Every structure is written in structure tokens, then in C-alpha cells.
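The next block holds one structure in the form of C-alpha cells; read it before the comments.
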Amino acid sequence: MKIKNICCIGAGYVGGPTMAIIAQKSPEITVTVVDINEKRIAAWNDEDVNNIPIYEPGLADVVAEARGRNLFFSTDVDKAIDEADMIFISVNTPTKTYGIGKGMAADLKYIELCARQIARVAKTDKIVVEKSTLPVRTAEALKNILDNTGNGVNFQILSNPEFLAEGTAVSDLHKPDRVLIGGDLDTDEGKEAIQALVDVYAHWVTKDNILTTNVWSSELSKLTANAFLAQRVSSINALSELCEQTGADIKEVAKAIGMDSRIGPKFLQASVGFGGSCFQKDILNLVYIAKSFGLNEVADYWEQVIIMNDHQKRRFAAKMVKTLYNTVSGKKIALLGWAFKKDTNDTRESAAIYVADYLLIEQAELVIYDPKVNKEQILADLDCLGTRSEEENRANITVVNNAMDAANDAHAIAIMTEWDEFKALDWEQVYNDMLKPAFLFDGRRLLDRHELEAIGFEFYAIGS
Ligand code: UDX
Ligand code: ADP
């Protein structure tokens with residue numbers, strides 16, 4: 001079976017970039033990305049390709065190449081479903097904020113709505129691909145809804161988790177370590193559907209890098225990969241606290257252990273804590289699944305990764321308060337960076353949000369700058385926490401357009417995101433503009449201690 005028409009429901013951080021690359025690499029396949037968010041679709045269709053709603057290095061060029069040729073963005077979900085042979089579901093699956101599993105389980109209401117819409121609209125056989133990260137066995141629920149509410153057409157469900165990391169999405173998609181496709185390996189129809197998706201990726205990925213498994217293995221592999229990566233960050237962060245007490249330097253420890261080829265050097269960067277839409281959500285999912293099977297030790301083991309991460313964010317803010325003579329009340333503190341990592345405008349679960357919240361509880365006056373995140377988003381992130389009223393947030397936060405303005409007359413600066421431009425700042429000038437003593441807290445181990453201390457800064461870096 002040859003796929004001619006793909007529809008992707010959800011034009012977010014996963015759906016947008018993934019479909020752009022599929023369209024770029026497969027000119028004979030029509031790819032339509034749909035979303036109920038009209039503003040988002042309008043931005044994807046903006047004449048100036050630099051205004052697309054997601055910032056990713058290289059993405060605007062890919063969209064410019066394929067958009068209007070075989071890549072389309074639309075709000076007409078029904079039409080796109082109707083015309084497609086293959087439908088990707090890339091909608092959001094946030095952690096539940098209510099009811100059973102609150103704070104842990106994934107909220108599958110958006111997935112279920114999609115399934116019901118597909119069932120209602122589809123008049124020909126379709127392959128439905130789960131792209132969103134989902135709890136194990138969601139494919140089964142999808143199949144149930146599709147088979148029981150559909151128009152008698154045949155649906156094949158595949159799991160095809162996305163492993164791209166934000167900030168490097170385009171290169172990750174161009175050269176994936178592996179593509180994972182889970183499907184029904186026991187039937188001819190299942191095998192045919194798997195092959196159809198393999199053929200899409202085979203436009204640019206070598207066959208050896210395309211893995212096929214059963215659906216459950218594929219679903220669980222995605223959660224496991226993220227849990228392992230997050231665990232490495234929490235492990236190095238746990239030891240960063242010990243380093244601060246003992247005089248060891250976590251950067252040196254990370255280098256020394258990373259040279260052991262069994263451990264490897266990646267994901268050993270101590271930080272103020274991991275953020276992003278995936279790590280916390282996926283681990284909470286894993287914990288919830290383990291608990292629901294009565295596997296309490298397994299659940300507790302993984303939950304500790306999150307507990308450590310929360311501790312790291314709190315600890316960083318507490319260190320700031322303690323260093324600033326136990327009070328930040330009324331003091332101007334500059335936060336440089338708001339995105340959860342560099343080269344993205346995504347702020348979901350960013351450590352900066354929580355550090356800002358702790359500092360605001362201590363009545364600090366925050367001045368915030370991020371190269372790609374605007375004021376509206378920063379305030380929305382803090383409003384979402386519900387710690388204080390929207391008026392209070394606006395009264396105590398100023399968002400500025402460059403790092404120098406943030407630093408002016410500040411008591412302290414904290415680096416929250418490792419944007420390259422912060423490394424390149426004229427730190428001598430920054431120092432001159434600040435109140436003295438000038439404190440600098442590096443939550444990302446971005447800056448050189450010796451250089452900054454030579455300028456005159458009171459410098460604190462995670463893990464040293
Ligand atoms: C992650 C996975 O890497 C990706 O495969 C999956 O598809 C989605 O989740 P992402 O969340 O985009 O990707 O970013 P990632 O690079 O994994 O970083 C996650 C967080 O961990 C960031 O806040 C980052 O700053 C932090 N981190 C990462 C560290 O603090 N130290 C490290 O050594 C690595
Ligand atoms: P991710 O990081 O997983 O891509 P995002 O939140 O960035 O998550 O994107 C998910 C997108 O899915 C959002 O733009 C949202 O509007 C869209 N969406 C959610 N439910 C539906 C639906 N039923 N139909 C169409 N789009 C949907």
C-alpha cells in the first residue's frame with residue numbers, strides 16, 4: 001500500500017516539525033496539518049515564514065520549501081481526515097488536573113475526541129498513527145473507539161513515538177537515531193500498515209534505523225527513553241548538591257564518569273532542573289501505570305527522579321535568598337532565560353517558572369529577559385500556577401527586550417536558560433550596571449567562574 005495523502009491532527013511542537021520534514025522528504029505525498037487553534041494555523045500560514053508559531057533552528061527553511069507544494073496547514077479537520085490514507089494524532093496529552101489520577105495520569109480527552117472525530121468522518125480504510133506520547137495501551141482504547149463508533153471501515157493503529165528534542169528538532173528528524181513503529185505484527189493488515197509507514201520514513205532514513213515492534217513495546221519504549229534521560233539529569237543534579245558541600249566540582253565529576261564508555265558523556269550536565277513537556281509527564285505516567293499494577297517499588301523508584309528535580313529548583317532559589325543576606329524582598333533580581341532550554345520558545349515546565357515563583361513568594365521584584373519568549377507567555381506561565389493574582393504577578397514582574405536592561409541596577413542575576421547570547425555578553429559592562437555587591441547565579445553552568453570573579457562578581461554555579 002502506497003500512502004498518497006497524510007493528515008496530522010495537532011500543529012504543535014511535535015506535529016508541525018515532523019510533518020514539515022515528511023513533506024520535505026516525500027514530495028509525492030500530500031501532507032495536511034490541521035488544528036482547532038485558528039491562531040496557530042494562521043501563524044503556520046503566515047506569508048513571512050519567520051512568523052511560524054514554533055521557533056526551531058532550520059525549521060522556517062523547511063516550511064518555506066514544502067509549504068504550498070505538498071505541505072498545507074488548515075483548520076478544516078473533517079476534510080483532511082476524509083481525504084487521508086494515514087492520520088497522525090499529535091495532540092497534547094497533559095497531566096490530568098482533576099479526578100482519578102490527578103497530577104499523574106495523562107489526560108486523554110483530546111486523544112479520545114480525535115478518535116471519535118475520525119470514526120465519525122472516515123468513509124474509507126485508514127491507518128491511524130499515535131504520535132503523541134501516550135500511556136501504554138492507549139492504542140487499544142483508540143481501536144475500541146474507532147471500531148465501535150466508526151462507519152464500518154477498517155482502522156489499523158500504529159504507535160510511532162517521536163524522539164526529537166526541541167531546539168534540535170530539524171536535525172533530529174533529518175538524522176534520527178532510530179524510528180520506532182509499533183503495530184499488529186500478527187495479521188497481514190497490521191504488517192501492511194507497518195510497511196506503509198516504513199516506506200514513508202524510508203524516503204530519508206536507512207532501513208537499519210527503522211525498528212518495528214508490537215504496539216505495547218513501542219508505547220513503553222518512549223516512556224522508558226524519557227525516564228532514562230531524565231534520571232541521568234536527576235542523578236547528576238543529586239550529586240551537584242554533594243559537590244557544593246565537599247569542594248568537588250560536578251563538571252569535573254561528569255567529565256570523568258562520562259569518559260567511561262559504558263556511561264557516556266551525554267545528559268550529564270548539572271542544571272537548575274530539567275523542564276519541557278515530556279520528562280515530568282512521562283515519568284508521572286510511568287509511576288501511575290506501575291502503581292495501577294500494584295508495583296509500588298517500581299513506582300517509588302521512578303518518582304524519586306521528579307522529587308529530585310523539584311528539590312533542585314527549590315534549592316537554587318533558596319540559595320539565592322540565603323546568599324542575598326536572607327532577604328530578596330523589594331530587591332531587583334534579573335532572570336536571564338525563560339524557555340526550558342536554549343533554541344526553543346517552549347516554556348512548558350521550565351525551571352525558570354518555579355524559581356520565579358519561589359522568588360516572588362519572597363517578595364522579589366523580577367526583571368525577565370528571554371530571546372524568544374514574550375511577556376504574554378511569561379505572565380501566562382506564572383498565572384497558571386495560581387500562587388497569586390494576575391494583578392500581583394503584573395505588579396512584581398517586568399519583562400525587557402535585552403539582557404543589559406535586565407541587569408541594570410539589579411542586586412543579582414540568575415541564568416535560567418543556556419542561550420548562547422548570554423555567554424557572549426559584555427560581563428564587565430553588566431557588572432558595572434549592577435548594584436554592588438553584584439551576585440551572579442549560574443543555573444546552567446554556562447559561565448566561567450574565574451573570569452567572572454576576576455571582574456568582581458560574587459559567583460555561584462550549580463555543583464561547585
Ligand atoms: C526530550 C527527549 O530528549 C526527546 O527524545 C523526547 O522526544 C522529548 O523529550 P526535550 O524535552 O525537547 O526532549 O529536551 P531535552 O534536550 O531532552 O532536555 C530536557 C530538559 O533536561 C531540559 O530542560 C534540559 O535543559 C535538561 N537537561 C538536559 C539538563 O539539565 N542536563 C542535561 O545534561 C540534559
Ligand atoms: P506537542 O508538544 O505534543 O506537539 P502542543 O500543545 O504543542 O503539543 O500541540 C498540540 C496541538 O494539538 C495544539 O495546537 C492543539 O490545539 C491541538 N489539538 C488538540 N486537540 C485537537 C483536536 N481535537 N483537533 C485538532 N487539534 C487539536
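Just so you know, ligand 1 is whichever comes first in the structure, and atom 1 is the first atom listed for that ligand. Model, not experiment: these values are computed from the prediction.
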Quick one: does ligand 2 sit under 4.0 Å from the side chain of R348, the backbone, both or neither, non-hydrogen atoms only?
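Side chain only; the backbone of R348 stays clear of ligand 2.
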Can you pull out the closest protein heavy atom to [atom]? Residue, atom name and distance to 0.1 Å, please.
| atom | answer |
| --- | --- |
| atom 19 (C) of ligand 2 | N92 OD1, 3.4 Å |
| atom 23 (N) of ligand 2 | C114 SG, 3.8 Å |
| atom 24 (N) of ligand 2 | I9 CG2, 3.5 Å |
| atom 20 (N) of ligand 2 | V91 CG1, 3.6 Å |
| atom 9 (O) of ligand 2 | G12 CA, 3.3 Å |
| atom 15 (C) of ligand 2 | D35 OD1, 3.4 Å |
| atom 12 (O) of ligand 2 | G10 CA, 3.4 Å |

Would you call the rings of [X] and [Y] parallel, tilted or perpendicular, where under 30° means parallel and over 60° means perpendicular?
| X | Y | value |
| --- | --- | --- |
| F441 | F316 | perpendicular |
| F422 | Y369 | perpendicular |
| F228 | W302 | tilted |

Take every heavy atom of S132, measure it against each atom of ligand 2, and state whether any distance is under 4.0 Å.
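No heavy atom of S132 comes that close to ligand 2.
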May I ask you to say whether [X] pairs ionically with [Y], meaning some side-chain N is under 4.0 Å from a carboxylate O?
| X | Y | answer |
| --- | --- | --- |
| K126 | D85 | no |
| D442 | R445 | no |
| E130 | K222 | no |

Determine yes or no for a side-chain-to-main-chain donor-acceptor pair under 3.5 angstrom, with [X] supplying the side chain and [Y] the backbone.
| X | Y | value |
| --- | --- | --- |
| E219 | A139 | yes |
| N309 | V305 | no |
| D370 | A339 | yes |
| R444 | M416 | yes |
| R67 | A20 | no |

Near ligand 1, which residues have a heavy atom under 4.0 Å away from one of its atoms?
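Lining ligand 1: E162, F163, L164, A165, E166, K222, N226, L229, V233, F267, L268, Q269, S271, F274, G275, C278, F279, F340, K341, R444.
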Could you say whether the N/O atoms of N37 and ligand 2 ever approach to under 3.5 Å?
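No, there is no polar N/O contact under 3.5 Å.
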Would Q117 count as a polar contact of ligand 2, with the cut-off being nitrogen or oxygen pairs under 3.5 Å?
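No; the residue has no nitrogen or oxygen that sits under 3.5 Å from a nitrogen or oxygen of the ligand.
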Option set I89, V14, I36, T18, criterion heavy-atom distance to atom 3 (O) of ligand 2, minimum
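Going through I89, V14, I36, T18 one by one, V14 has the nearest heavy atom to atom 3 (O) of ligand 2.
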Geometric cation-pi criterion, K131 with F88: 6.0 Å, 45°:
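Geometry flag: not set, cation outside 6.0 Å or 45°.
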